[in-house]
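Notes to accompany the following structure.
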Amino acid sequence: MTGPAPRPRFGAVPIGPDRTRFGLWAPTLSQASVEIEGLAPVPMQVLEDGWFEAEAACGPGARYRFRVGPDLLVPDPASRAQAGDVDGPSLVVDPESYAWRTEGWKGRPWEETVVCEVHAGLMGGFAGVAERLPALAELGVTAIELMPIADFAGARNWGYDGVLPYAPDAAYGSPDDLKALVDRAHELGLMIFLDVVYNHFGPAGNYLHAYAPQMFDESRHTPWGGAIDFARPEVRRFFTENALMWVMDYRFDGLRLDAVHAISRQDWLPEMAEAVHKAAGPDRHVHLMLENEANTASLLGGPPKFDAQWNDDFHNVLHVLLTGESRAYYRDFADDPAARLARCLGEGFIYQGEPSPNHDGAPRGEPSAHLGPTNFISFLQNHDQIGNRAMGERLTVLADPAALRAATALLILCPQIPLIFMGDEVGATTPFLFFTDFDGDLADAVREGRRKEFAKFSEFSDPARRAQIPDPNAVATFEASRVHDNAESDAWRAQYRELLWLRREHLVGGLKGARALGAGVIGDKAVRARWRLGDGRTLMLALNLGSADVQLDPPDEPPLYLIGLDAGVAATTLSPASFVAWLSEAEHG
């Protein structure tokens, strides 16, 4: 499983029995040392370009910190594990110590991907996620994606406030616990992906400004803090080595890069992707995915580029169709949403360079019609789209149930790669709320800042109503976000199981090389789309989320799947809140 990855330069790397090499980039310092519990301080050798290095007589399990000032000891910014929280000592970790059970695992082709996004903390840590995997595999999911696990301050967090990108958060388990989760996924034939954050550091526990302020570009800012300076080779290497660690040491099958539109140098993205694929080698299926508000189609297309992008456009337009909401970013999709959905099904992105009202009229996106449908990851919900609502409501409490079931069928049987969020498969009605575990002034700022954010919405204009927005730092907010079954859960499981079986048995074999044949509006809130699959068959889907029947000219074949209408009328009439799919041997006009 080892490939030609470069020697890690950052962090603590065991180099022999009871011998470890320590590397630190601290360009503002003239001296630094490693302080290992039980040993005398070890001065670090000053190297070129701000690098410090030392070797010490210690092995895995040793606790250490870097002395970067007379009164300042800091954790290793490339710590592989922490002895406690982000302010505590770092631990030397042996990346080769875990005994893998699935040595022969090579991954799965991208076309087979059906993703379930999960939060490890809400499932009981890495061991708790492992316990849930058999049920997801039995349902037909082929990949799970962990929300970010990089070490953050406190015990509860979405993960996007990480400050030690190399260290799995101790609240979820040890590095070996994480490897056991990956191993279990592979035993069940599941891929496992990791969401990684390379665009900012969290607000608590980040000491980089004290000794490596060059990590940041003070002339640029992101919504989450100072921009990371990817113009510097050391910064690029820090994050490339991180990506390599997850893929090579932990054997993740892929990475989802968060909000890459906030990464200052976009040329680092293909550089990193090339390094990962080179290290993994030609025999492994390793998949790289983007979240990118900019809809940069030129980054997509598979290795050596990125396999796919999370397609927010798909979610946004369907959310408008299902709920009628048109505020904030939904206003970009409120004008003729059926036509916008048709463009999404036929061409991938809805915004391909057009002005975006939500972006003050600035153009957004690049042309994407030349890409295949599997270059887009579609979803009806994810952590952002639920949790960034004030009360964390899911579509199960916002939309008509019949319409949501029809939209779910479109999601699963569309040739784009489907993603579901934990709880979708059981029709969860419990919220997914924004939660953190900060204290003091930061806790107050996060709580009040979130409530202030929603003051512009009419239903929260009353301060008393805003005060009901859950406190992100309260344990109760975290606990309320756990998924629970309800009276409809078995019916939802049955629908997902049937749809995923149909996708696997009838569509997956033809997804490689699939291309859209066209999509269009057939009624108010109703669309039809067709694809020529890679094996020559034609897939046709039709969805009606309107309030009136829609007439349809169907293929001669009986439907592959229908919901919301009777088989006897499916040939010519699409009822409200209905969906139908056909699979033909020949193209249907």
Side-chain angles (χ1 to χ4, degrees), residues 1-10 78 106-113 115 143 145-146 148 150 165-166 182 191-200 227-311 348-349 365-366 368 370-377 416-417 419 512:
M1 293 286 295
T2 4
R7 173 178 79 86
R9 191 161 191 183
F10 290 91
K106 302 296 184 184
R108 298 180 65 159
W110 179 241
E111 292 77 19
E112 297 179 4
T113 304
V115 188
E145 181 177 305
L146 300 180
Y166 287 73
V182 174
M191 295 178 283
I192 180 166
F193 304 147
L194 179 64
D195 192 345
V196 292
V197 182
Y198 294 155
N199 55 69
H200 74 285
I228 296 171
D229 189 1
F230 277 87
R232 294 185 178 273
E234 297 85 1
V235 174
R236 296 165 84 100
R237 181 165 182 167
F238 181 83
F239 290 104
T240 297
E241 284 190 11
N242 182 262
L244 290 169
M245 180 196 73
W246 294 125
V247 170
M248 302 306 295
D249 294 353
Y250 286 89
R251 304 191 183 183
F252 277 98
D253 298 285
L255 303 174
R256 179 262 195 191
L257 276 67
D258 175 68
V260 300
H261 52 271
I263 290 177
S264 59
R265 289 286 297 268
Q266 295 283 293
D267 62 327
W268 173 76
L269 293 168
E271 174 186 299
M272 181 276 295
E274 182 180 5
V276 167
H277 286 299
K278 180 179 179 181
D283 295 333
R284 280 184 68 188
H285 294 285
V286 172
H287 307 301
L288 299 176
M289 299 146 272
L290 298 175
E291 181 198 24
N292 188 359
E293 179 72 14
N295 281 2
T296 311
S298 53
L299 287 171
L300 306 177
K305 296 183 179 182
F306 291 81
D307 292 88
Q309 178 181 311
W310 277 31
N311 194 359
F349 294 139
E366 295 178 351
S368 60
H370 63 286
L371 295 169
T374 58
N375 293 135
F376 304 92
I377 300 170
Q416 297 179 12
I417 299 297
L419 177 144
K512 189 171 185 178

request  = Check whether the side chains of Asp307 and Asn375 place a donor and an acceptor atom closer than 3.5 Å, and report yes or no.
outcome  = no
inquiry  = I need the minimum non-hydrogen distance between Ser368 and Phe349, along with the two atoms involved.
reply    = OG-N, 3.1 Å
request  = Using atom types as modelled and distance alone, determine if a side-chain donor or acceptor of Glu145 lies under 3.5 Å from a backbone N or O of Leu419.
outcome  = no
message = Is it the case that the side chain of Glu291 and the backbone of Ala259 share a donor-acceptor pair, with hydrogens and angles ignored and the cut-off at 3.5 Å?
response = yes
query = At their closest point, which heavy atom of Ala280 faces which heavy atom of Val247, and how far apart are they?
reply = CB-CG1, 4.4 Å
message = As an exercise, state the distance from CD of Glu111 to CD1 of Ile417, rounded to the nearest 0.5 Å.
response = 7.0 Å
ask   = Can you name the side chain to side chain contact (heavy atoms under 4.5 Å, CB included) partners of Pro304, sequence neighbours left out?
value = none
note = CZ of Arg284 to CZ of Arg251, rounded to nearest 0.5 Å, is 7.5 Å
query = How many angstroms lie between CG in Leu257 and CG in Asn292, if you round to the nearest 0.5 Å?
reply = 10.0 Å
inquiry  = Does Phe230 form a side-chain contact (heavy atoms from CB on, under 4.5 Å) with Glu271? I'd like the steps, not just the answer.
reply    = CA-CA 12 Å; Phe230 277 87; Glu271 174 186 299; over 6 Å; no
ask   = Do any N or O atoms from the side chain of Thr374 and from the backbone of Gln416 form a donor-acceptor pair under 3.5 angstrom?
value = no
inquiry  = Check Asp195 with Arg256, please: is the shortest side-chain N to carboxylate O separation under 4.0 Å?
reply    = yes
ask   = Which heavy atom of Ile228 sits nearest a heavy atom of His200, and at what distance?
value = CD1-N, 3.5 Å
query = Got a donor-acceptor contact below 3.5 angstrom from the Glu366 side chain to the Ser298 backbone?
reply = yes
request  = Not counting sequence neighbours, which residues clear side chain to side chain contact (heavy atoms under 4.5 Å, CB included) with Asn242? List them please.
outcome  = Pro165, Tyr166, Tyr198, Met245, Trp246
request  = Using the salt bridge (Lys or Arg N to Asp or Glu O under 4.0 Å) rule, take Arg236 and Asp267 through it: C-alpha gap first, then chi angles, then the decisive distance, then the call.
outcome  = CA-CA 10 Å; Arg236 296 165 84 100; Asp267 62 327; 3.3 Å; yes
Sub-4.5 Å side-chain heavy-atom contact between Leu299 and Leu269 = yes
task = Taking the side chain as every heavy atom from C-beta outward, state whether Leu290 and Trp310 have any atom pair closer than 4.5 Å.
result = no
ask   = If you measure from CD on Gln309 to CZ on Phe376, what distance do you get to the nearest 0.5 Å?
value = 7.5 Å
request  = Decide yes or no for Phe193 and Leu255: does some side-chain heavy atom of the first lie under 4.5 Å from some side-chain heavy atom of the second?
outcome  = no
key: Nearest atoms (heavy-atom pairs only) where Ala262 meets Asn199   = CB-CB, 3.9 Å
ask   = Side chains of Met191 and His287: closer than 4.5 Å at any heavy-atom pair?
value = yes
ask   = Would Met289 and Trp110 count as a side-chain contact (heavy atoms from CB on, under 4.5 Å) if you check the C-alpha gap in whole Å, the side-chain angles of each, and the deciding distance to 0.1 Å?
value = CA-CA 11 Å; Met289 299 146 272; Trp110 179 241; 3.7 Å; yes
